[in-house]
2 protein chains.
Amino acid sequence: MTESGNPRERYRRQVRSEVKDLAWQQIAETGASGISLNAIAKKMGMSGPALYRYFANRDELMTDLIGDAYREIADVVSTAAAAEQDPAVKPAAIAHALRRWALAQPHRYFLVWGTPVPGYAAPPETVHSARRVMTALLDTFERLRASDERPLDEHLATHREWAGEHPAPPSALRRALTFWTRMHGVISLELAGQFTGTSFDPEQLFAEEVAAVLRESER
Amino acid sequence: MTESGNPRERYRRQVRSEVKDLAWQQIAETGASGISLNAIAKKMGMSGPALYRYFANRDELMTDLIGDAYREIADVVSTAAAAEQDPAVKPAAIAHALRRWALAQPHRYFLVWGTPVPGYAAPPETVHSARRVMTALLDTFERLRASDERPLDEHLATHREWAGEHPAPPSALRRALTFWTRMHGVISLELAGQFTGTSFDPEQLFAEEVAAVLRESER
DNA sequence: ATGCAGTAGTTAGAAGTTATAACGGTAATG
DNA sequence: CATTACCGTTATAACTTCTAACTACTGCAT
């Protein structure tokens, strides 16, 4: 499906993808703010303004990168969820898949869930990826009965439109949400290097957090 | 103590502080990457290169800002901890004080615990502020007996050099750590706008997370 | 095959940015 | 009072994004 279209369009897609590859490379070196259309163009053997035939401006490139990264996250989460059969193990499978991906692609992770950069953030199709992630989590916790009710459940019972038409009970919404925020808490601090200078293993901290959410479900 | 020194030094400090004020202002508008020494100089009524008498380069300014922000965080946390007497309420007091500050100063928060920007991050005195935060948390959880032991405790028992000479037991280290990562998980996603488009109240999610850590301590 | 339209690339240039260099004036100090 | 250290200035180099104007190629229809 990605190779349809006349040769011109195909070439166009090819160039765009090459630009994005180089952009990721540059992001890895200098961070998102250090990305330069000009430098990318030079590396591709053409003059600066040529790239403006492919991306209206820097922001459009960034937006595209964010969209791609978010799609990758959604893929990682949903394939991890699909791969694990045992409902009780699914959360851990998802969590570790996400962390593994994040450690391998820290910049992609931060582009999606890190500090928002004014100008380039939240492309429209992003909501679709976000929903895919949330759906995977809701599917997962829907199958695990909550070990108890929490005050938050009541609130979520009447504020659940973000879950779409998903039939998961409030307690599952709650655990999906806290599962997300807890994973993010550890992963983002780890990626940001906030644990450097400490000797403990972030993975063990992460595992404890996963276990903590699991404890909120019946076993 | 901040007003010591000869008039020259005082003037110098005054200018530096004015530069930083304008820098924060600019960060609030255009984000950390959009900060410009040139623009700041113009706003102060002087020519661009003049500022280089006060900051060697952009990175040094950024580094200074990060250091200040981290100090503010440490202040917020430790004063909140000192203000609340009841040990059982202290964690909540700290948490809500931190969240309140973060909501009021999102850019400062992100500069400290957000996406690391290659070049300007982790000034040396930052470790001091980090330790102040950690100490406040350890003091807090040291006074609350853990409701049970977790596998992570064992690991932390032998990897606790980041806690300095603090006498808190491993279970307190564990709760301090997860308290931090959980607060950060909710706060950073909220500040990043990841909850926009949802109608639930982030504060209630945050409160639930605080309660969750409290549940890991005896009441 | 011919001709036309759309696309892709080029250079030139405006308006920014960081940062250095070289030069003046000023202010505190010996 | 003279010297030294500091502060601010302009000029410049090397970047950046992005627009404008022009050229050349490619593919399609007649």
Side-chain angles (χ1 to χ4, degrees), chain A residues 3-66 111 117-121, chain B residues 3-66 111 117-121:
Chain A
E3 36 201 300
S4 72
N6 48 54
R8 258 222 171 118
E9 278 212 26
R10 287 187 46 203
Y11 176 70
R12 192 175 172 73
R13 258 198 301 274
Q14 214 266 45
V15 172
R16 276 180 71 106
S17 127
E18 190 177 345
V19 170
K20 292 202 268 182
D21 283 349
L22 288 173
W24 282 121
Q25 216 173 294
Q26 219 179 21
I27 284 177
E29 293 163 8
T30 61
S33 55
I35 192 177
S36 151
L37 281 190
N38 229 316
I40 292 173
K42 272 191 186 167
K43 262 187 196 159
M44 291 179 66
M46 40 184 183
S47 267
L51 286 200
Y52 286 79
R53 298 280 176 204
Y54 299 91
F55 295 91
N57 48 40
R58 231 179 74 123
D59 287 8
E60 194 188 293
L61 171 58
M62 286 307 278
T63 299
D64 229 64
L65 294 176
I66 294 175
L111 223 49
V117 183
Y120 14 71
Chain B
E3 37 201 299
S4 71
N6 49 52
R8 253 220 173 120
E9 279 213 25
R10 286 188 49 205
Y11 175 73
R12 194 176 169 71
R13 257 200 301 274
Q14 214 265 46
V15 173
R16 276 180 71 106
S17 129
E18 191 177 343
V19 170
K20 291 201 269 182
D21 283 350
L22 288 173
W24 281 122
Q25 215 172 293
Q26 219 180 22
I27 284 177
E29 293 164 8
T30 61
S33 55
I35 193 177
S36 151
L37 281 190
N38 229 316
I40 292 173
K42 272 190 186 168
K43 261 187 194 159
M44 291 180 66
M46 39 185 187
S47 267
L51 287 201
Y52 286 80
R53 297 280 177 206
Y54 299 92
F55 295 92
N57 50 39
R58 232 180 72 123
D59 287 8
E60 194 188 293
L61 171 58
M62 287 306 281
T63 300
D64 228 64
L65 293 175
I66 295 175
L111 223 50
V117 182
Y120 15 72

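Reminder, nothing fancy here: chain letters follow the sequence lines and each chain counts from 1. Predicted model, so just to flag it, every value in this text is computed and none were measured.
Looking only at side-chain heavy atoms (C-beta outward), A:Asp64 and A:Arg16 come within less than 4.5 Å of each other.
B:Asp59 is linked by a side chain to side chain contact (heavy atoms under 4.5 Å, CB included) to B:Asn57, B:Tyr120, counting only residues two or more places apart in sequence or in another chain.
Atom CZ of B:Arg58 and atom P of D:dC15 are 17 Å apart (whole Å). The interatomic distance linking A:Glu60 (CD) with D:dT19 (P) rounds to 12 Å, in whole Å. A straight line from CE of A:Met44 to C1' of C:dA8 spans 12 Å, rounded to a whole angstrom. Across the protein-nucleic acid pair, A:Arg10 atom CZ and C:dA8 atom C1' stand 18 Å apart, rounded to whole Å. When the P atom of C:dT10 is taken as reference, atom CE of A:Met46 falls 7 Å away, rounded to whole Å. In this structure, CD1 of A:Ile40 is placed 17 Å from P of D:dC15, rounded to the nearest angstrom. Between B:Glu18 atom CD and D:dG8 atom P the separation is 11 Å, expressed in whole Å. The CG atom of A:Asn38 sits 17 Å away from the P atom of C:dT17 (whole-angstrom rounding).
A:Gln26 places no side-chain N or O within donor-acceptor distance of the main-chain N or O of A:Ile40, the cut-off being under 3.5 Å. In terms of modelled atom types and a separation under 3.5 Å, the side chain of B:Arg58 and the main chain of B:Leu37 share no donor-acceptor contact.
Of the candidates C:dA8, C:dA19, C:dT11, the closest approach to any side-chain atom of A:Ser47 belongs to C:dT11. Comparing C:dA12, C:dA8, D:dG8 by their closest approach to the side chain of A:Tyr11 singles out C:dA8. Across C:dT10, C:dT20, D:dC18, the shortest atom-to-atom separation from the side chain of A:Leu37 is found for D:dC18. Closest to the side chain of B:Tyr54, from the set D:dG8, C:dT11, D:dT16, is D:dG8.
Atom NZ of B:Lys42 is surrounded by 12 or fewer heavy atoms from other residues, nucleotides or ligands within 6.0 Å.
Taking 4.0 angstrom as the limit, B:Tyr52 places none of its side-chain polar atoms (N or O) nearer than this to OP1 or OP2 of D:dT9. For the pair B:Arg12 and D:dC6, the criterion of a side-chain N or O lying under 4.0 Å from OP1 or OP2 is not met. Side-chain nitrogen and oxygen atoms of B:Asn57 include none within less than 4.0 Å of the OP1 or OP2 phosphate oxygen of C:dT18. Side-chain N/O atoms of A:Ser36 include one lying less than 4.0 angstrom from OP1 or OP2 on D:dT17.
Both A:Gly48 and B:Leu51 lie close to DNA chain D; mapped to their nearest nucleotides by heavy-atom distance, the more 5′-ward contact belongs to B:Leu51.
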Q: Can you check each nucleotide of nucleotides 22-30 of chain D against protein heavy atoms at under 4.0 Å and return B for base, S for sugar-phosphate only, - for none, in 5' to 3' order?
A: ----B----
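In terms of heavy atoms, B:Glu60 sits closest to B:Tyr54 at OE2-O, 4.0 Å. Scanning all heavy atoms of the two residues, the minimum distance from B:Arg53 to B:Arg12 falls at O-NH2, 2.9 Å.
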